[in-house]
Amino acid sequence: MKPEFIELTLGSYIISHGYNSKNKEMMEPIPSENFSKKLIPVSRIKSISEKYILTDYVDGRWIYWEYEEDYNAVKKLLL
């Protein structure tokens, strides 16, 4: 059975606010000096890479989170 939430250690993130009139993505980096544990709803996860986990947000924005865990460990949690 697929979990409803996974716990990850997240740090800095980038908020995507959509696109401007020239079709350029509007990004807002939010730096963090520390990583902290957070529970993430699996239903919000859209993709993972070796550096970022992409999640959606309630108002239609996208958030790229840096995470501390190993890519294969996160992949295993999701499978």
Side-chain angles (χ1 to χ4, degrees):
M1 188 169 147
K2 195 173 185 180
E4 287 188 50
F5 293 87
I6 61 171
E7 182 179 60
L8 294 174
T9 312
L10 304 175
S12 299
Y13 56 99
I14 302 167
I15 302 171
S16 172
H17 293 282
Y19 295 86
N20 66 17
S21 61
K22 296 182 179 181
N23 206 30
K24 182 172 171 35
E25 193 169 15
M26 298 180 294
M27 307 291 272
E28 177 186 1
I30 310 294
S32 175
E33 292 182 19
N34 303 322
F35 282 80
S36 61
K37 291 196 177 283
K38 296 188 187 311
L39 286 176
I40 304 292
V42 172
S43 62
R44 286 193 154 166
I45 297 171
K46 302 306 170 197
S47 71
I48 62 169
S49 68
E50 290 185 1
K51 185 173 181 179
Y52 294 105
I53 182 163
L54 174 61
T55 62
D56 64 359
Y57 198 66
V58 291
D59 62 358
R61 290 184 246 180
W62 300 90
I63 301 178
Y64 298 87
W65 291 93
E66 280 187 296
Y67 64 94
E68 200 171 53
E69 287 79 10
D70 175 71
Y71 169 81
N72 287 319
V74 174
K75 188 171 115 177
K76 198 176 211 179
L77 284 173
L78 293 171
L79 299 175

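Counting from 1, the numbers follow the sequence of the chain as shown.
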Between [X] and [Y], which heavy-atom pair has the shortest distance, and what is it?
X	Y	answer
Gly11	Ser32	C-CB, 3.9 Å
Leu77	Glu7	CD1-O, 4.4 Å
Glu66	Lys51	OE2-CE, 3.3 Å

- Query: Taking only residues two or more places apart in sequence or in another chain, which ones pass side-chain hydrogen bond (donor to acceptor under 3.5 Å, both in side chains) with Glu25?
  - Reply: Ser16

- Taking only residues two or more places apart in sequence or in another chain, which ones pass side-chain hydrogen bond (donor to acceptor under 3.5 Å, both in side chains) with Arg61? Asp59

Using the side chain to side chain contact (heavy atoms under 4.5 Å, CB included) criterion, which residues pair with [X]? Sequence neighbours excluded.
X	answer
Lys76	none
Leu79	Lys75
Lys22	Asn20
Leu78	Ile6, Val42, Ile45, Ile48, Val74

Which value, rounded to the nearest 0.5 Å, describes the distance between [X] atom [atom1] and [Y] atom [atom2]?
X	Y	atom1	atom2	value
Asp56	Lys46	CG	NZ	4.0 Å
Glu68	Thr9	CD	OG1	5.0 Å
Arg44	Ile63	CZ	CD1	8.0 Å

- Test side-chain contact (heavy atoms from CB on, under 4.5 Å) applied to Trp65 and Ile30, Leu8, Ile53, the passing residue: Ile53

- Query: Mind checking who shares a hydrophobic cluster with Tyr64, ILVMFWY linked at side-chain heavy-atom distances under 4.5 Å?
  - Reply: Ile14, Met27, Tyr52, Leu54, Trp62

- Query: Can you list every pair that meets ring-ring contact (aromatic ring centres under 6.0 Å, His included) and has a residue in residues 16-40, with sequence neighbours left out?
  - Reply: none

